[in-house]
K.L.:
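Submitted below is the structure of interest, expressed as structure tokens.
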Amino acid sequence: MKVVIVGGVAGGASAAARLRRLDEKIEIVILERGAYISYANCGLPYYLSGKIQKEEDLVVQTPELLGKRFNLDIRTNQEVMEINQIKKTILIKDQIKNKTYEEKYDKLLLSPGAKPFIPPIKGLDTDKVFSLRDIPDVLAIKEFLEKKNPKRVVIFGAGYIGIEIAENLKKAGFIVTIIELMDQILGPLDYEMATLVHQHLKEKEVEFYLSDPVQSIEHDGSCQILILASGKKIKTDMIIMGVGVRPEIGLAKDAGLDIGTTGGIKVNEYLQTSDPDIYAVGDAIEVLDYISGSAALIPLAGPANKQGRTAAGNILGERSVYNGTQGSSIIKVFDITIATTGNNEKLLKRNKITYQKSYTHSPSHAGYYPGASPISLKILFSPDDGKILGAQAVGKEGVDKRIDVIATAIRAGLSVSDLENLELCYAPPYGSAKDPVNMAGYVANNIIKGDVDIFHWDEFEQHDLNNCIILDVRKPDECEEGIIESAINIPLDELRDRLGELDNNKMILIYCQVGLRGYLAYRILKLNGFSKVKNLSGGYKTYYPTTCIQSNCPLYSYEKILKSDVLEADSKK
């Protein structure tokens, strides 16, 4: 048997290695359009700041080493131009020799990946506009930074790549501005969780514009002038595209293979395309959303590797099922970590899935041990049976392992009540006797059991505030730092003695700093005959960031940026 793989990196390279581990005799050919067969594409932004110092550190495997170890025929700089399903051949262009040739296959695996999306804005076709997809891209950006020493770099888009580029360029000493179409950064997050990250970007003096996309670009000598939808004008020396990716489907589409409703190559549970002898994996395919069961595009390296492994087994006769992608992802943004798994509210609403949500702000480890910091954790779950639908977390430390635990719980079919009973490691430097995951389970399960009736940060307007009492149960000194408008303050420890100050005929909307004291106040009021009571989930710590001004534009004036504000090329090396 002869298996030809189009594209390397995560999906293609993992499939090739798995094929060889399963069969020593088959012929395996990998065709890669670029010069690199296996590289750390997720590490590219860190090369810009020098965190990853050497170009060779970005190369996971060279064609020579990978080919020798697994007995593979690896051909780089080979672009597949055409697939002939009837003859079972592909037409290839050798980009070095500038000639074309045909290659036969018994089974074909497509792993072309995704390409950066370039919005249709006039003026982007200059040598000062860059994308970041592969090693040649990052080398081109690095060369421009070092030789041209730009004063300001503008990044289009605030997805994962855009934010990682922004952080690394800021650390390298450049003035960085982000322009985002949406009203928040990091689309996988829900708005209120993204607002926590907005505040952190402000602290780090990264300028960002929200809900104000670029409409046109003008050129003024050495500068580019960006005209935003609001009419604002921004001068910059360099633009880097970070507005997301689109699946590379041209080859598959031209071959007549089915394309899914999301725009990715359509595959079945065995990762076969509409031609059973052609498989497809990675960022180019349409996957099954593990939570909703709907079609989705989820371009992540982890799933691509798993798909490559699964497809390899199926090519050799296994019947392994790829049962969906749940979208577990993580990003570092300066001093904080953001991680998600499962669906966010936007997806649940789009797929008409009924859900409830809760927020906790637990310490990353025992509060009495030095260095603890809060983990803001949002969990989404079914109000009927507590099935976990998704989770998002923001914090300085311990975020990764909490989301990984919840991601595992989702795969295992656990509910929020099961989170209560998970026995997780505890020692003061690492966690608490009641881990943040346990706490999320307690809070969510209390909601399901009816032990507390909650409301959320965006639901104040759903109540007739003229017939409500907004009750702040924090200490007076906490209230001096900020209080919700029209709230009265009765500290929790005084509440039992001051029940007479509350009108039992009015709805009482309770809040504290993170939700725990509000829950205790709720129980006190309910057990003392108050019938209309609700507690603000996540407390003031969830509510307050959403009420702030989100963007910090304009933070910089191009004319006032001094060369001393930007590291000289020699000092960056």
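FYI, side chains are in, hydrogens and waters are out, and symmetry mates aren't considered; it's all heavy atoms of this structure.
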K.L.:
Is it the case that Arg523 and Asn528 place a side-chain donor and acceptor less than 3.5 Å from each other?
P.N.:
no
K.L.:
Near Lys434 NZ, under 6.0 Å, is it more than 12 heavy atoms from other residues, nucleotides or ligands?
P.N.:
no
K.L.:
Please say whether more than 12 non-hydrogen atoms of neighbouring residues, nucleotides or ligands are located less than 6.0 Å from OH in Tyr369.
P.N.:
no
K.L.:
Are the side chain of Glu180 and the backbone N or O of Ala158 linked by a donor-acceptor pair below 3.5 Å?
P.N.:
yes
K.L.:
When you compare the side chains of Ser211 and Asp183, does any donor N or O come within less than 3.5 Å of an acceptor on the partner?
P.N.:
no
K.L.:
Looking at every heavy atom in both Ile179 and Asp212, which two are closest together, and how far apart are they?
P.N.:
CG2-O, 3.3 Å
K.L.:
So does Ile549 have more than 12 non-hydrogen atoms from other groups sitting under 6.0 Å from CD1?
P.N.:
no
K.L.:
Quick one: salt bridge (charged side-chain N to carboxylate O under 4.0 Å, His left out) partners of Lys378, sequence neighbours excluded?
P.N.:
Asp190, Glu192, Glu345
K.L.:
Between Lys204 and Asp335, is the closest basic N to carboxylate O distance under 4.0 Å?
P.N.:
yes
K.L.:
Indicate whether any N or O donor in one side chain lies under 3.5 Å from an N or O acceptor in the other, for Gln462 and His456.
P.N.:
no
K.L.:
Quick one: pull up OG1 in Thr360 and CG in Leu516 and give me the separation to the nearest 0.5 Å.
P.N.:
10.5 Å
K.L.:
Regarding His365 and Ser373, do their side chains bring together a donor and an acceptor under 3.5 Å, going by distance alone?
P.N.:
no
K.L.:
Would you call Arg498-Glu501 a salt bridge at under 4.0 Å N-O?
P.N.:
yes
K.L.:
Can you list the steps and then say if Val214 with Leu181 is a side-chain contact (heavy atoms from CB on, under 4.5 Å)?
P.N.:
CA-CA 8 Å; Val214 177; Leu181 171 67; over 6 Å; no
K.L.:
For the residue pair Asn343 and Asp289, confirm or rule out a side-chain donor-acceptor distance under 3.5 Å.
P.N.:
yes
K.L.:
Does the side chain of His200 come within less than 4.5 Å of Val394's, by heavy atoms?
P.N.:
no
K.L.:
Salt bridge (Lys or Arg N to Asp or Glu O under 4.0 Å) between Lys475 and Glu494: does it pass, once the steps are laid out?
P.N.:
CA-CA 10 Å; Lys475 296 177 181 179; Glu494 300 176 16; over 6 Å; no
K.L.:
Is the number of heavy atoms from other residues, nucleotides or ligands within 6.0 Å of OH (Tyr544) greater than 12?
P.N.:
no
K.L.:
Is it true that Asp472 and Arg474 have a side-chain N and a carboxylate O under 4.0 angstrom from each other?
P.N.:
yes
K.L.:
Please report the interatomic distance CG(Asn489) to CD1(Ile470), rounded to the nearest 0.5 Å.
P.N.:
13.0 Å
K.L.:
Looking only at heavy atoms, what is the nearest atom pair of Lys401 and Tyr430, with distance?
P.N.:
NZ-O, 3.0 Å
K.L.:
Around atom OH of Tyr270, are there more than 12 heavy atoms of other residues, nucleotides or ligands at under 6.0 Å?
P.N.:
yes
K.L.:
Assess the residue pair Ile163 and Ile331 against the criterion (side-chain contact (heavy atoms from CB on, under 4.5 Å)); give the C-alpha distance rounded to whole Å, side-chain angles, the decisive distance to 0.1 Å, and a yes or no.
P.N.:
CA-CA 9 Å; Ile163 294 297; Ile331 182 175; 4.0 Å; yes
K.L.:
Is Leu288 close to Thr325 at the side-chain level, that is, under 4.5 Å between some pair of heavy atoms?
P.N.:
no
K.L.:
Got more than 12 heavy atoms from elsewhere within 6.0 Å of NZ, Lys526?
P.N.:
yes
K.L.:
Are Glu207 and Arg152 ion-paired here, with the side-chain N under 4.0 Å from a carboxylate O?
P.N.:
yes
K.L.:
Quick one: ring-ring contact (aromatic ring centres under 6.0 Å, His included) pairs with a partner in residues 503-538, sequence neighbours left out?
P.N.:
none
K.L.:
With side-chain contact (heavy atoms from CB on, under 4.5 Å) as the criterion, how do Phe208 and Thr177 come out once you've worked through the C-alpha distance, each side chain's angles and the decisive distance to 0.1 Å?
P.N.:
CA-CA 5 Å; Phe208 59 103; Thr177 297; over 6 Å; no
K.L.:
Could you walk me through whether Lys387 and Val416 satisfy the side-chain contact (heavy atoms from CB on, under 4.5 Å) test, starting with their C-alpha distance in whole Å, then the side-chain angles of each, then the deciding distance to 0.1 Å, before giving a yes or no?
P.N.:
CA-CA 7 Å; Lys387 176 184 177 182; Val416 292; over 6 Å; no
K.L.:
Cut-off 3.5 Å, side chains only: do Asp418 and Ser415 have a donor facing an acceptor?
P.N.:
yes
K.L.:
Does a side-chain N-to-carboxylate-O contact under 4.0 Å join Lys51 and Glu167?
P.N.:
no
K.L.:
Surrounding NZ of Lys449 (heavy atoms of other residues, nucleotides or ligands, distance under 6.0 Å), is the total greater than 12?
P.N.:
yes
K.L.:
Taking the side chain as everything from C-beta on, heavy atoms only, tell me whether Leu419 gets closer than 4.5 Å to Ile379.
P.N.:
yes
K.L.:
Is the ring pair His198/Tyr191 parallel, tilted or perpendicular, if the boundaries are 30 and 60 degrees?
P.N.:
perpendicular
K.L.:
Does any donor atom in the side chain of Asn438 or Glu420 lie under 3.5 Å from an acceptor atom in the other side chain?
P.N.:
no
K.L.:
Give me the one residue out of Gln392, Lys541, His361 that meets side-chain hydrogen bond (donor to acceptor under 3.5 Å, both in side chains) with Ser376.
P.N.:
His361
K.L.:
When you look at NZ of Lys202, are more than 12 heavy atoms from neighbouring residues, nucleotides or ligands closer to it than 6.0 Å?
P.N.:
yes
K.L.:
One pair to check against side-chain hydrogen bond (donor to acceptor under 3.5 Å, both in side chains): Asn351 and Ser294. What are the steps and the verdict?
P.N.:
CA-CA 8 Å; Asn351 291 304; Ser294 60; 3.3 Å; yes
K.L.:
Going by atom types alone, do Thr340 and Ser329 pair a side-chain donor with an acceptor below 3.5 Å?
P.N.:
yes
